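This is a predicted model, so every value here is computed, not measured.
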Amino acid sequence: MLRQGYSYQYAGAALAGLGVSFTAGLVLFTIRISSFIIAIVAGLLIGEAVRRGARGNRGPTFAAIAAVSTLVGLLIPMLFMGHFGLSPVSIVYMLIVTGIAAYRLNG
């Protein structure tokens, strides 16, 4: 059975996801690390932050919040740093991080 969350849980999930993914984006794009293991760890950290921000709630809505906040949080540092073009490798790593973060909240 799907549980509905409260508005503060949705807001907490979005803010936590944006904060951690923004930080991960700064780290990843500043030191330019392209590693599958780091992408997995970043996705797990973002997913866990969203889960804690949602006060333990899970489900498709929170998985969608995790996915959107991850993509937005990873793209914002690129815009601040002047990287307007995405390489195919960057896109793949962003999708890996987003998928893992969303999968962490699915269920």
Side-chain angles (χ1 to χ4, degrees):
M1 181 182 244
L2 183 64
R3 288 188 344 195
Q4 289 291 330
Y6 296 106
S7 59
Y8 67 89
Q9 291 171 323
Y10 293 118
L15 289 174
L18 281 171
V20 174
S21 63
F22 178 79
T23 304
L26 280 176
V27 170
L28 291 173
F29 293 119
T30 301
I31 57 178
R32 295 192 183 269
I33 292 181
S34 295
S35 169
F36 187 69
I37 301 297
I38 292 174
I40 291 172
V41 170
L44 290 172
L45 289 174
I46 295 166
E48 182 63 21
V50 172
R51 187 186 66 80
R52 287 180 186 236
R55 308 251 172 137
N57 266 348
R58 307 180 113 164
T61 305
F62 290 103
I65 290 172
V68 171
S69 66
T70 300
L71 283 176
V72 171
L74 289 175
L75 287 174
I76 289 174
M78 288 179 50
L79 296 176
F80 283 138
M81 294 170 29
H83 298 289
F84 297 109
L86 289 173
S87 69
V89 174
S90 300
I91 293 171
V92 168
Y93 282 122
M94 286 176 59
L95 291 176
I96 289 170
V97 172
T98 302
I100 290 172
Y103 181 76
R104 181 82 175 89
L105 275 291
N106 204 9

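- Counting all heavy atoms, side chain and backbone alike, Leu105 lies closest to Arg58 at O-CB, 3.4 Å.
- Annotation: the span from Ile65 atom CD1 to Gln9 atom CD amounts to 10.0 Å, rounded to 0.5 Å.
- Looking at every heavy atom in both residues, Ile100 comes nearest to Leu44 through CG2-N, 3.6 Å.
- Considering every non-hydrogen atom in both Ala63 and Ala102, the closest pair reads CB-O, 3.4 Å.
- Once rounded to the nearest 0.5 Å, the distance linking CD1 of Ile46 with CZ of Arg104 reads 12.5 Å.
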Distance-only criterion, 3.5 Å: show the donor-acceptor pairs between side-chain atoms of residues 14-29 and protein atoms not counting sequence neighbours.
| residue | atom | partner | partner atom | Å |
| --- | --- | --- | --- | --- |
| Ser21 | OG | Gly17 | O | 2.7 |
| Ser21 | OG | Leu18 | O | 3.3 |
| Ser21 | OG | Ser69 | O | 3.0 |
| Thr23 | OG1 | Gly19 | O | 2.9 |

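- Apart from Tyr6 itself, the hydrophobic cluster it occupies contains Tyr8, where clustering links Ile, Leu, Val, Met, Phe, Trp and Tyr at side-chain heavy-atom distances under 4.5 Å.
- No donor-acceptor pair closer than 3.5 Å links the side chain of Arg55 to the backbone N or O of Ala13.
- When every heavy atom of Ala39 is checked against every heavy atom of Ile96, the shortest pair comes out as CB-CG2, 4.0 Å.
- Residues Ile38 and Tyr93 are not in side-chain contact: their nearest non-hydrogen atoms beyond the backbone lie 4.5 Å or more apart.
- Contact record, Ala101 with Thr70: CB-OG1, 3.6 Å, taken as the closest heavy-atom pair.
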